[in-house]
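This report refers to the structure that appears directly beneath it.
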Amino acid sequence: MALKRLLCLVFVSVLIAGAGFRAQADDKRMMLTGSSTVAPLAAEIGKRFEKLNPGTRIDVQAGGSTRGVRDARLGLADIGMASRGLKKEEHDLRAFEIARDGIGIILNKNSAVSSLTNRQIIGIYRGEITDWGQVGGNPGPITVVNKAEGRSTLELFLHHFKLKARDIKAHVVIGDNQQGIKTVAGNRGAIGYVSIGAAEYEMNAGTSIKLLGINGIEASTANVQNGRYPLSRPLNLVTKSKPQGRIAAFIGFARSEKVHDIVRDQYFVPIRP
């Protein structure tokens with residue numbers, strides 16, 4: 001009986017020690033979820049942070065800003081990612097800006113249309129303008145590409161053009177920026193809206209899209225940086241409470257000049273430290 005009790009105590013001790021080891025290992029791991037715009041940037045920053053902090057593991061999952069805010073609040077992620085500011089009902093959370101971005105209208109590179117007024121964009125998305133010939137392009141049906149619910153890009157687009165979600169007459173609903181870019185690149189009659197940073201990156205890589213300006217102002221990261229472009233947004237990391245330890249260290253790193261080259265390489269605008 002004494003031997004059994006001793007073995008039992010040893011077994012429990014091993015379990016406790018193992019749990020402690022896993023806790024220490026898990027303490028080196030961080031989960032980030034949320035905005036598909038922020039995700040590629042956070043992943044690249046995470047790679048550099050891992051190199052500077054051996055043993056650290058940064059896992060990044062997209063899914064939209066709404067997911068990022070929800071996961072941060074529920075503790076399902078160490079850090080949420082949101083490509084927008086916090087809403088009034090989200091002010092129990094903390095947001096840390098790591099870069100700025102703009103939202104731009106994209107067309108297929110081969111489209112004859114080189115500019116659209118706000119009224120024309122609204123008319124297209126409301127289903128009142130259905131042919132490119134109505135706005136100076138070659139005759140042909142317009143394919144309206146819209147963002148899915150829960151995406152901050154959709155929320156900012158609707159707010160800027162004073163539209164309601166129910167107003168949109170979409171033919172294609174997409175999730176992340178890459179889906180939107182691929183859809184428009186593969187359809188000469190399509191129109192969509194995505195992150196300017198993501199669009200510039202793809203244009204430089206030869207993808208068959210082009211950005212349209214808004215109110216005569218070119219859609220570019222340069223105009224986001226100088227404040228001229230009207231449709232811009234913060235890219236935020238979100239936490240449930242004041243960051244501590246490794247989480248604070250990562251957020252501080254992501255907001256520092258040490259990653260400005262990564263931010264620029266992703267075609268976003270760095271923030272001042």
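These figures come from a predicted structure and were not determined experimentally. Quick note: numbers below take in every heavy atom, side chains included, and nothing from hydrogens, waters or symmetry partners.
No continuous path of ILVMFWY side-chain contacts below 4.5 Å connects L154 to V69, so the two sit in separate hydrophobic clusters. Linking ILVMFWY side-chain heavy atoms closer than 4.5 Å, directly or via other members, places M203 and Y229 in a single hydrophobic cluster. A continuous path of Ile, Leu, Val, Met, Phe, Trp and Tyr side chains, each step under 4.5 Å between heavy atoms, connects V194 with I214, placing both in one hydrophobic cluster. Linking ILVMFWY residues whenever their side-chain heavy atoms come closer than 4.5 Å, directly or via other members, leaves V269 and V263 in distinct clusters. The hydrophobic cluster containing V38 does not contain Y201, counting ILVMFWY residues as joined when their side-chain heavy atoms lie under 4.5 angstrom apart, directly or transitively.
The side-chain heavy atoms of I181 and I106, taken from C-beta on, include a pair separated by under 4.5 Å. For the pair Q266 and P40, the minimum side-chain heavy-atom distance is below 4.5 Å. In this structure the side chain of M31 reaches within 4.5 angstrom of the side chain of Q61, judged on heavy atoms. When side chains are defined from C-beta on, F268 does not count as touching V224, because their heavy atoms never get closer than 4.5 Å. Side-chain atoms of R246 and D78, non-hydrogen and from C-beta on, do get closer than 4.5 Å to each other. Under the 4.5 Å side-chain criterion, counting only non-hydrogen atoms from C-beta, L211 is not in contact with I105. Considering only heavy atoms from C-beta on, I262 comes within 4.5 Å of L41 through its side chain. Side-chain contact between L93 and T239 is absent, with no heavy atoms from C-beta onward closer than 4.5 Å.
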Q: Please test K28 against T56 for side chain to side chain contact (heavy atoms under 4.5 Å, CB included), starting from the C-alpha separation and ending with a verdict.
A: CA-CA 5 Å; K28 290 280 191 176; T56 300; 4.1 Å; yes
Q: Under the side chain to side chain donor-acceptor pair (under 3.5 Å) rule, what do N215 and N118 come out as? Steps first, then yes or no, please.
A: CA-CA 7 Å; N215 294 335; N118 281 5; 3.2 Å; yes
Q: Apply side chain to side chain contact (heavy atoms under 4.5 Å, CB included) to the pair I174 and V145, showing each step before the final yes or no.
A: CA-CA 7 Å; I174 53 94; V145 181; 3.7 Å; yes
Q: Begin from the C-alpha positions of L237 and R94 and carry the test side chain to side chain contact (heavy atoms under 4.5 Å, CB included) through to its verdict.
A: CA-CA 8 Å; L237 299 181; R94 294 170 182 259; over 6 Å; no
(Q) Using the rule given for side chain to side chain contact (heavy atoms under 4.5 Å, CB included), can you reason through S152 versus R233, listing the C-alpha separation, both sets of side-chain angles and the distance that settles it, and then say yes or no? (A) CA-CA 9 Å; S152 66; R233 58 184 175 173; 3.4 Å; yes
Q: Take S35 and R67 through the test side chain to side chain donor-acceptor pair (under 3.5 Å) and record every step on the way to the result.
A: CA-CA 8 Å; S35 166; R67 178 190 176 185; over 6 Å; no
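N236 places no side-chain N or O within 3.5 Å of a backbone atom of A95 that could act as its donor or acceptor partner. Judged by distance alone, the side chain of T143 and the main-chain N or O of A190 form no donor-acceptor pair under 3.5 Å. Looking only at distances, no side-chain donor or acceptor of N187 sits under 3.5 Å from a matching main-chain atom of T183. Although no hydrogens or angles enter the test, the distance criterion places a donor-acceptor pair under 3.5 Å between the side chain of D131 and the main chain of G140. With hydrogens and angles ignored, the 3.5 Å screen pairs no side-chain donor or acceptor of E90 with any backbone N or O of L86. Judged by distance alone, with hydrogens and angles left aside, the side-chain atoms of N108 form a donor-acceptor pair with the main-chain N or O of A185 at under 3.5 Å. A donor-acceptor contact shorter than 3.5 Å is absent between the side chain of E200 and the backbone of G197. Between the side chain of W132 and the backbone N or O of V113 there is no donor-acceptor pair closer than 3.5 Å.
Here the closest heavy-atom approach between residue R73 and residue E89 is recorded as NH2-O, 3.2 Å. Pairing each heavy atom of N110 with each of S208, the nearest pair is ND2-OG, 3.9 Å. Across all their heavy atoms, A82 and V238 have their closest contact at CB-CG2, 4.1 Å. In this structure, G104 and I196 approach most closely via the heavy-atom pair N-CG1, 3.6 Å. Between S114 and L212, the shortest heavy-atom distance links the atoms O-CD2, 3.4 Å. Listed here is the closest heavy atom pair of A42 and M81: CB-SD, 3.7 Å.
Relative ring orientation between Y193 and F157 is described as parallel, the plane-to-plane angle staying below 30° on a 0-90° scale split at 30° and 60°.
Other residues, nucleotides and ligands contribute only 12 or fewer heavy atoms inside 6.0 Å of the CZ atom of R188. No more than 12 heavy atoms of other residues, nucleotides or ligands shown are found within 6.0 angstrom of NZ on K109. Dense packing is recorded around CD of E97, with more than 12 heavy atoms of other residues, nucleotides or ligands lying under 6.0 Å away.
The line from CZ of R228 to OG of S220 is 8.5 Å long, rounded to the nearest 0.5 Å. The CG atom of N138 sits 7.5 Å away from atom OG of S111, with the distance rounded to the nearest 0.5 Å. Within the model, atoms CD1 of I103 and CG of L231 stand 4.5 Å from one another, a figure rounded to the nearest 0.5 Å. Rounding to the nearest 0.5 Å places CZ of R264 at 6.5 Å from NE2 of H260. Atoms CZ and CG, on F161 and D167 in that order, are 13.5 Å from each other to the nearest 0.5 Å. For the atom pair D59 CG and R29 CZ, the distance stands at 4.0 Å (nearest 0.5 Å).
Ion pairing between R48 and D261 holds under the 4.0 Å rule for side-chain N and carboxylate O. Ionic pairing of E50 and K47 is not present here: no N-O contact between side-chain nitrogen and carboxylate oxygen is shorter than 4.0 angstrom.
Exactly one residue among D101, T37, D176, N177 makes a side chain to side chain donor-acceptor pair (under 3.5 Å) with S195. That residue is D101.
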